[in-house]
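Indexing begins at 1, ligand by ligand and atom by atom, following the structure's order.
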Amino acid sequence: MKVPYFDLPAQIRALRPELDAAIARTLDAATFCLGPDVAAFERDFAAFLGVPHCLGFNSGTSALHIAMRLLNLDPDDEIITTPYTFVATSWAISYVSARPVFVDIEEQTMNLDPRLVEPAITPRTKAIMPVHLYGHPFDVDPLLAIGRKHQLPLIEDAAQAHGARYRGRPVGTFGEMAAFSFYPGKNLGACGEGGALVTARADYAARARSLREHGSSVRYYHDEVGYNYRMEGIQGATLSVKLKHLPAWNQRRRAIAHRYHELLKDTPLQLPREASYAESAYHLYVVRHPSRDKLREHLAAKGVGTALHYPLPLHLQKCYAHLGYKAGDFPMAERAARGCLSLPVYPELTDQQVEYVAASIREFKDW
Ligand SMILES: *Cc1c(COP(=O)(O)O)cnc(C)c1O
C-alpha cells in the first residue's frame, strides 16, 4: 500500500465537474481580477465565519502584510508572536520594518503560551499575533484579556484553521483582524494562490480594500502607497465551490484524527490532544518523539509519506540572525522542532490507509 503525505489530485478529481463549470463561467465573463466571483466568495466566507467584512487577497502572506500596514507601525515597533510557525507570520512584521518579538509555545498545543506574553510587553509593543497552529485554536481568552489590559490588538493568523472553533465560535472572529490562506494545501485551498483578511472594523476593511488595489479607491487616484494584492476571479469561483465542502472535509479530518488517537495511544509517540476549549480543524496531525528521523525513514520504506512542520523555529533561521536570538531561548519550540512528525491527514484518506499508517508505526521498534 502507498499512502502519500498529501493527495491534491484526488481532491481535484472529485470536484472536477463543479470546478470546470465555475471556471468556465469566469472565463466566459472574463472577470479575472477581483470581480463578481471574488465578491461572491467574500460574502460566502464572511457568512461562514460570521464576520462583517472579508477581503480576498492574492495570498495569505499579502493579507497578513496588510494587517500589519493597518496598524500604522513605526520602525522598531514590536509585535509579539510565536517562533514556531510558518515564516509568513513573521514576514508580515518584517515587511513593515517592525520587530518580531518571539515568545515560547505551550507544551500541549504548541501554540503561543499566554503566560509568557505579559513579561514580553514593552513600551514599543503594538500588537499580539498568535497562530492557530495545525488548525488547533490558540487560547484566545487570556490573550484578549492581556490585550485589553495593555491596549494591544489581537491579530489572528488563521491560515491553517478554516472552520476551527474556540469555545464553539469560529476562529478568525476574535481579533481585530484575522488572515486566512487559501494555498492549495490548506483545509480550504484555491486552484492557485489566495488569501483573505477578515475584520469587524469597517475602517480597516475600507483601507485594506484600497491598499490591495494600488492604494486607490477611485481609479488612477492614489491616496497612499499600495500594492497589487488582488484575488483572481478564477480563485474566487473555485473557492466558493470548495467552501461548500469544507464542513464535511473538516469532519472527516477530525474522524481520521480520532482514529489515529485510538490506534496510536499505546505507542511511545506524543499525540496531539485537543484542549478543552478547542475544536481543531486538523490541518495537520503532528506527533512527537525524539526518534522521529528514524521513524520517518521506516515509514518512507513502508510507502507512507510524512512531513516536518517545522524543522527549525524562526528565531534560529538565518534570515532572523540580526534579531540576536540564540539556541536555548525558546526550549519548547526547539524541542517541538526536533520531535515533530506530520502524518497524512486529509479527507480523501481511506480508513484502510489510516490503519496502514498506524500499523506501520506500531511495527517500528527502534525508539
Ligand atoms: C500558509 C500560511 C501562511 C501564508 O499563506 P500563503 O497563502 O501561503 O501566503 C501564513 N501563516 C501560516 C501559519 C501559514 O500556514
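- If you number the atoms of ligand 1 from 1 as listed, the ones under 4.0 Å from a heavy atom of Thr89 come out as 11 (N), 13 (C).
- Within the model, atoms CD1 of Ile79 and CZ of Arg99 stand 12.5 Å from one another, a figure rounded to the nearest 0.5 Å.
- For Leu64, the closest heavy-atom approach to ligand 1 falls below 4.0 Å.
- Those atoms of ligand 1 with a heavy atom of Thr85 less than 4.0 angstrom away are 13 (C).
- A donor-acceptor pair shorter than 3.5 Å cannot be found between the side chains of Gln160 and Tyr134.
- Closest to atom 12 (C) of ligand 1 among all protein heavy atoms lies Ala159 CB, 3.4 Å.
- Regarding atom 11 (N) of ligand 1, its nearest protein heavy-atom neighbour is Asp157 OD2, 2.8 Å.
- Aromatic ring centroids of Phe180 and His132 lie 6.0 Å or more apart.
- Checking side-chain atoms of Arg212 against main-chain N and O of Phe57 turns up no donor-acceptor pair under 3.5 Å.
- Taking the ring centroids of Phe330 and Tyr325, they lie under the 6.0 Å cut-off.
- At least one heavy atom of Gly194 sits less than 4.0 Å from an atom of ligand 1.
- Summary of contacts: the protein heavy atom closest to atom 7 (O) of ligand 1 is Ser181 OG, 2.6 Å.
- Within ligand 1, counting atoms from 1 as listed, the ones closer than 4.0 Å to a heavy atom of Val131 are 13 (C).
- Atom 1 (C) of ligand 1 has its nearest heavy-atom neighbour, among Lys186, His65, Gln160, in Lys186.
- If you take CG on Leu269 and CH2 on Trp367, they are separated by 4.0 Å, rounding to the nearest 0.5 Å.
- In this structure, the separation between CZ on Phe45 and CG on Leu188 is 6.0 Å, given to the nearest 0.5 Å.
- Each of the atoms 5 (O), 6 (P), 7 (O), 9 (O) of ligand 1 lies under 4.0 Å from some heavy atom of Gly60.
- Close approach of ligand 1 to Ala88 (heavy-atom distance below 4.0 Å) involves ligand atoms 3 (C), 4 (C), 10 (C).
- Among all protein heavy atoms, the one lying closest to atom 9 (O) of ligand 1 is Thr61 OG1, 2.5 Å.
- Residues Tyr282 and His136 keep their aromatic ring centres 6.0 Å or farther apart.
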